Amino acid sequence: MRKLIITMILFLGLLSVTSIKAQEIELRSDTPDYHVVVPGDTLWGIASRFLKDPWRWPEIWGLNRAQVKNPHKIYPGDVVILEKSLHGIRLRLSEDDEYGVKTVKLSPKIRTEQSGTSAIPSIPAAAIEPFLSQPLVIEKDGLDNAPYILGSSEGRVALSTGNTAYVSELPKDKGSAWQVFRPGKALKDPDQKGAVLGFEATYLGNAKVNAFSDVSTVIITHASQEILKGDRLVPAPNTIFNNYAPHAPDFSLNGRIISVYGGVSEIGRGDIVTLNKGGLDGLEMGHVLAIYRRSQAKSLKGQTVQLPDERTGLVFIFRVFEKISYALVVQSTQAIKVLDAVKTP
């Protein structure tokens with residue numbers, strides 16, 4: 001079959017020419033000629049209007065590896081145009097009054113992070129915002145030297161939002177914003193005979209320092225669970241979501257889902273899962289992996305037979321530690337379970 005060469009142009013004037021097989025990029029049967037970007041859109045959502053595989057978005061825009069990590073910005077009012085020609089297909093932003101739709105131009109100076117004019121994210125930010133600064137993956141006993149809660153003046157056993165607490169050994173050079181954690185479960189690798197990859201510290205809430213001293217005073221500004229004497233404090237990080245464009249790893253990867261938030265037995269779209277692969281395996285924010293169900297059956301002779309893996313969804317990596325990463329399930333065709341496989345799409 002004749003190979004079509006797709007010429008893709010990055011709209012900000014940075015030209016990038018890439019040759020790929022046209023048949024590898026499949027359009028939806030109901031793909032529109034254009035899409036007007038509205039508040040609440042995401043790169044993933046827009047891509048899914050045009051492509052059967054939304055994670056192929058960077059390819060059809062012609063983004064190179066560096067640009068994937070710092071993608072172009074698209075704003076409400078922009079018009080995304082699908083162009084088809086003998087040379088292939090491409091997506092671009094409209095610059096004129098095309099298709100009877102006027103492109104709303106916003107000055108770069110005006111395009112600040114305000115609700116009505118902020119650039120659209122790769123995936124719904126609200127879905128992952130609580131997980132950008134927590135949970136915390138630590139080594140065994142990794143919180144043993146962290147400042148800890150001594151108690152409260154009222155003698156409360158459990159602290160909640162608005163309560164005052166006293167903290168021992170709180171350093172003054174780490175700022176006034178802190179998070180409260182409690183040592184949690186071990187995260188084990190099922191592919192390495194249960195080897196411990198790290199320990200997931202349980203996030204309990206936020207605290208703000210009222211006064212530094214040998215025994216400092218803090219206010220619990222948010223409590224997601226009851227906070228107890230002995231719980232540990234960690235400096236609150238600056239939450240920065242690097243808005244990577246969705247893209248597949250450029251290498252083969254095989255991992256597993258080892259945990260899910262919320263204690264559910266069956267996982268679906270919108271759930272947060274933990275993977276047994278991380279930065280040491282080459283994973284980075286924005287990577288998209290396919291989920292496969294691993295099933296077995298008994299033969300008539302009583303032998304266990306491994307059935308072919310069946311693809312059941314996609315995950316978007318949004319936080320990466322050395323040996324572990326956290327991902328949002330962005331697509332599911334059937335129930336997903338812990339220990340299901342994740343692979344390069």
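These numbers come from a predicted model, not from an experiment. Both backbone and side-chain heavy atoms feed into the values below; hydrogens, waters and symmetry mates do not. Positions are given from 1, in the same order as the sequence printed here.
Between H287 and H247, the ring planes are tilted. Angles from 30° to 60° get that label.
In terms of modelled atom types and a separation under 3.5 Å, the side chain of S325 and the main chain of R319 share no donor-acceptor contact. Under the 3.5 Å distance criterion, the side-chain polar atoms of S299 are matched with a main-chain donor or acceptor of K301. Within the 3.5 Å criterion, the main-chain N or O of G175 finds a donor-acceptor partner in the side chain of W178.
If you chain together hydrophobic residues whose side chains sit under 4.5 Å apart, L339 and L307 never meet in one group. At a threshold of 4.5 Å between side-chain heavy atoms, the hydrophobic network of Ile, Leu, Val, Met, Phe, Trp and Tyr places L233 and F181 in two separate groups.
At least one test fails for K185 against the ring of F199: distance under 6.0 Å to the centre or angle within 45° of the axis.
Of the inter-residue distances, the one linking S160 atom OG with L204 atom CG reads 12.5 Å to the nearest 0.5 angstrom. Distance check, rounded to the nearest 0.5 Å: CD1 of I149 to CG of D231 gives 5.5 Å. With values rounded to the nearest 0.5 angstrom, S216 atom OG is found 11.5 Å from Y166 atom OH. Of the inter-residue distances, the one linking D340 atom CG with I258 atom CD1 reads 13.5 Å to the nearest 0.5 angstrom. Once rounded to the nearest 0.5 Å, the distance linking CG of L283 with CZ of F321 reads 13.5 Å. Between I272 atom CD1 and Y326 atom OH the span is 10.5 Å, to the nearest 0.5 Å.
No more than 12 heavy atoms of other residues, nucleotides or ligands shown are found within 6.0 angstrom of NZ on K229. Taking a 6.0 Å sphere around CD of Q225, one finds it holds more than 12 heavy atoms contributed by other residues, nucleotides or ligands. At most 12 heavy atoms of other shown residues, nucleotides or ligands fall within 6.0 angstrom of atom CG in D214. For R182, the CZ atom sits in a packed shell: over 12 heavy atoms of surrounding residues, nucleotides or ligands are nearer than 6.0 Å. When the shell of 6.0 Å around NZ of K188 is examined, it contains 12 or fewer heavy atoms from other residues, nucleotides or ligands. For Q334, the CD atom is densely surrounded, since the number of other residues' heavy atoms within 6.0 Å is greater than 12.
For the side chain to side chain contact (heavy atoms under 4.5 Å, CB included) criterion with I227, the lone passing option out of T161, N163, V180 is V180. Each of N276, T274, D191 was checked for a side-chain hydrogen bond (donor to acceptor under 3.5 Å, both in side chains) with R256, and the lone residue meeting it is D191.
In this structure, T164 and L159 have side chains that are not in contact, with every pair of non-hydrogen atoms separated by 4.5 Å or more. Inter-residue side-chain proximity for L91 and W57 is flagged as met; some heavy-atom pair is nearer than 4.5 Å.
A salt bridge between K323 and D281 is absent, with no side-chain N of the basic residue lying under 4.0 Å from a carboxylate O of the acidic one.
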